[in-house]
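Reviewing the structure listed below.
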Amino acid sequence: MTVKRWRVSAADENAVETLRGELGLKSLAARVLAARGCTTRALALELLKGEARLERPLALKDMEKAALRINEAIGNDEIIAVFGDYDVDGLSSGALMLSYLQSRGARVLCALPSRDSEGYGLSKKAVASFKRRGASLLITVDNGISAHEEIAYANSLGLEVIVSDHHLPAETLPPAFAVVDPLRADDESSFKSLAGVGVALKLAAAVEGCEPEELLDEYGWLAALGTVADVMPLKGENRTIVKRGLESLKYCESPGLALLAEGAGASLESMSARDVAFTLAPRLNAAGRMEGAETALALLISEDPEEAAALAIKLEALNAERREAEALAAEKVEASLAESPNQLRRPLLILSGEGLHSGVTGIVCSRLLERFGKPVIIISVENGTARGSGRAAGGMSLHSAIASAAPLLIKYGGHDMAAGFMLKTEDIESFKESLYAYCRECETPPALPSINIDAEIPLSEISEAAVEELAALAPFGHGFEEPVFLARNLTVTAAAPINGRHSRLTLGGGGRTLSGAWFNHKTADLPFKAGDSVDAVFSLSIYEGAAKRSVSVRFLDVFPAGLNESACESLGAYRELCAERPLKENERAQLALNREDIAAVYRLIKKEALDRANLPKLASLFPSLGTGRALAALDVLEELNLIETLPDKEGRYLASAAEGAKKRGLEESALFCELAKEWDAALV
């Protein structure tokens, strides 16, 4: 369990009252609108409408050039190749471009990369295949921006390439006929957060010679799938794409997608962005992770009900295989970490192993990021080649960190918070050291995970009617998350396990109760017990039960009352120490240790082992120290061989008193001397 920084909005109370009066809103919706900058009636109505105009496609660099060439190819009856990707954004981009070109009567080939044999992006093998089959124009969608060698190879074969992508480019663009990417340095378009499918939508609109909104009725559902699944911010143009796209899901002509949703207990007619992210996306992604993404692409474009039904069944089976592979990979990665628990002190976790299914390493990265609160990279090794996936919470750009080791890499790509790469097995250790060095030297270190909180509220403001109003603010997703609230000084009434992995909490305050689930938090590991005072962060929704409707609570974080801020401050300083970065004066003050601090930690450890990976628990046990100082004290004791850290079967990293430990003086600890000498030399 990690510590998350709570960022509570300081909304203007006058604006809240204005919105309540002029729009007739209850306090919860008014607080959320004000917290997110909608402080006037006009701004609030604009957000509630959710229809920001999409910028004209030709504002994107090279878009006109690309559209003219595609129209020329259609008019000349040339064979056009479309190359997508194996994730949902790449699938939906490929399906959109393929369907649009076919609607124009074009002759089209379409292919997707194999995660296992080719890895991410365009390959020379795919280029050669397209040329052999008669293609004269190749369009990459959701990839291509880093395919310099492959595009040069296509050029040598006489195959022209148009890149349609949204990933970060290198300093030099690939040698394509046209490169359409809002993130290229010389692009002057105003919206930089389009998904790959958003760029593909605009490319289709440019070819058609229309505004992109005109294509949303037909292709909006595909654009919404890719935008949500690729975790793009639901602001500006993306908000329009997703809102219109979710509406078009109700009548999209994809029987396979409807059957896929039905098999998961959902319905396209009532699909939310959250349903897309957690119901449809994992099943569509399962094909590319476990077998070949062509199955998912076929499901999206199939109009044959019998074929679609078979494809939906196959995808559900592949998703079950994905879950098994994910569990096995997580087990192997945990075992790797358990063999060298000192890695927990590193600024980022880089774990590698044989036999890890490369299709699920990204998912395991996300789970470890959630658990340990620091960037995670997992490298799967097979046949002399290593494939890596990484996830981060912000601050330091993961893409930039990986790019710093470019001389060691075969290929790489991604975003600030998610990236992938390939390298030779013998270069793994050098790669690790390169990234550790980057962490030491970069101006922006990895950030602590954070939770943006819309408002601190009393429980008395929660009602069914108030929660119903929140639904009008949808769609919710990355960059425009579900409304989040904070209630302080609640008393823990009950905490009970759910399926061994989750907890159900009941908290009370002001004569009201708050009851709901806290997922992926075992009851035995909670940093509080019945009767304790806590602060709780949560989201609210309406549960449609068989008998009645009720307010549903989902806890996002629960912390001993009043301790979150101090725990985050000292933890940030501790991470700077572990990254071997020079400590600022305030950071050194937050980590300053004395003999009494060390003694207090050691006394408790001699009574019971402490899980050094359960940071909220450490904060609750040592409220006067803070998490960072408590961890530093553990490091001092371990340096003196007074304690040792060993993993247990439950995945805890238990610091316990070392058997037969000899008495040692604190002056023998270099770390203690470093942290104490500038604050009280007499201690040493």
Side-chain angles (χ1 to χ4, degrees), residues 4-55 189-194 213 227-228 231-244 246-247 272-274 394 447 449-488 510 514 535-542 551 553-554 556-557 564-565 568:
K4 298 178 181 179
R5 190 182 299 278
W6 295 353
R7 303 186 184 278
V8 186
S9 172
D12 185 341
E13 284 298 322
N14 290 329
V16 173
E17 291 307 313
T18 297
L19 293 173
R20 291 182 66 183
E22 293 188 2
L23 296 177
L25 296 173
K26 297 190 179 298
S27 60
L28 291 187
R31 288 183 187 279
V32 172
L33 286 168
R36 301 187 182 190
C38 299
T39 54
T40 66
R41 183 177 186 275
L43 289 172
L45 289 174
E46 181 181 337
L47 184 140
L48 291 169
K49 185 180 179 183
E51 293 280 333
R53 187 169 182 79
L54 303 187
E55 188 176 21
S189 62
S190 61
F191 191 70
K192 303 298 183 181
S193 299
L194 288 169
E213 286 92 341
T227 300
V228 171
V231 199
M232 303 310 294
L234 292 193
K235 296 180 178 179
E237 295 188 24
N238 285 341
R239 191 164 179 78
T240 300
I241 288 171
V242 172
K243 191 164 187 174
R244 290 277 300 276
L246 292 175
E247 282 295 316
S272 67
R274 182 177 177 81
S450 62
I451 301 178
N452 293 321
I453 298 170
D454 291 289
E456 181 179 337
I457 62 170
L459 299 189
S460 58
E461 289 192 10
I462 300 173
S463 67
E464 187 176 319
V467 175
E468 280 181 331
E469 277 189 351
L470 296 176
L473 308 183
F476 302 121
H478 177 63
F480 196 82
E481 286 80 4
E482 291 180 272
V484 175
F485 303 100
L486 165 66
R488 296 190 187 273
L514 198 65
D535 301 329
V537 179
F538 52 92
S539 64
L540 300 165
S541 60
I542 296 295
V551 173
V553 178
R554 183 165 62 94
L556 305 176
D557 205 11
N564 178 263
E565 186 174 348
C568 290

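- Atoms OG1 and CG, from T227 and L194 in turn, are 7.5 Å apart once rounded to the nearest 0.5 Å.
- Closest non-hydrogen pair, P233 versus N238, comes out as O-ND2, 2.9 Å.
- Annotation: side chain of V228 is not in contact with side chain of L246 (no heavy-atom distance under 4.5 Å).
- No side-chain heavy atom of V242 sits under 4.5 Å from any side-chain heavy atom of M232.
- Between F480 and L47, some side-chain heavy-atom pair lies under the 4.5 Å cut-off.
- Considering CG of N14 and OG1 of T39, their distance stands at 11.0 Å, rounded to 0.5 Å.
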Notebook entry, point to check: Where do S189 and E55 land on the side-chain hydrogen bond (donor to acceptor under 3.5 Å, both in side chains) test, with the steps shown first?
Noted result: CA-CA 8 Å; S189 62; E55 188 176 21; 4.6 Å; no
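- No side-chain heavy atom of N564 sits less than 4.5 Å from a side-chain heavy atom of D535.
- For the pair E461/L28, a side-chain contact is recorded, criterion being any heavy-atom separation below 4.5 Å from C-beta on.
- At least one donor-acceptor pair under 3.5 Å links the side chain of T240 to the backbone N or O of A52.
- Between R31 and E13 there is a side-chain heavy-atom pair separated by less than 4.5 Å.
- Rounded to the nearest 0.5 angstrom, S9 OG and L486 CG are separated by 12.0 Å.
- The line from CZ of R5 to CG of D557 is 13.0 Å long, rounded to the nearest 0.5 Å.
- T18 has its side chain out of reach of D12: every pair of non-hydrogen atoms, C-beta onward, lies at least 4.5 Å apart.
- The CZ atom of R274 sits 7.0 Å away from the OG atom of S539 when rounded to the nearest 0.5 Å.
- Distance check, rounded to the nearest 0.5 Å: CG of L234 to CD of E481 gives 8.0 Å.
- Side-chain atoms of E213 come within 3.5 Å of backbone atoms of L54 as a donor-acceptor pair (strictly under, hydrogens ignored).
- Residues that satisfy the salt bridge (charged side-chain N to carboxylate O under 4.0 Å, His left out) test with E565, not counting sequence neighbours, are absent from this structure.
- Nearest heavy-atom pair, F191 versus E237, reported as atom, atom and distance to 0.1 Å: CB-OE2, 3.4 Å.
- Under the 4.5 Å side-chain criterion, counting only non-hydrogen atoms from C-beta, I462 is in contact with L514.
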Could you list the donor-acceptor pairs under 3.5 angstrom formed between side-chain atoms of residues 465-472 and any protein atom two or more places apart in sequence or on another chain?
| residue | atom | partner | partner atom | Å |
| --- | --- | --- | --- | --- |
| E468 | OE2 | R549 | NH1 | 2.3 |
| E468 | OE2 | R549 | NH2 | 3.1 |
| E469 | OE1 | K26 | N | 2.8 |
| E469 | OE2 | K26 | N | 3.4 |

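- R20 and E17 are joined by a salt bridge, as a carboxylate oxygen and a charged side-chain nitrogen come within less than 4.0 angstrom of each other.
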Please report, to 0.1 Å, the donor-acceptor pairs under 3.5 Å made by any side chain of residues 450-458, with sequence neighbours excluded.
| residue | atom | partner | partner atom | Å |
| --- | --- | --- | --- | --- |
| D454 | OD1 | R36 | NE | 2.8 |
| D454 | OD1 | R36 | NH2 | 3.4 |
| D454 | OD2 | R36 | NH2 | 2.9 |
| D454 | OD2 | V484 | N | 2.9 |
| E456 | OE1 | R488 | NE | 3.2 |
| E456 | OE2 | R488 | NE | 3.4 |

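- Across all non-hydrogen atoms, the minimal contact from L23 to A44 is CD1-CB, 3.6 Å.
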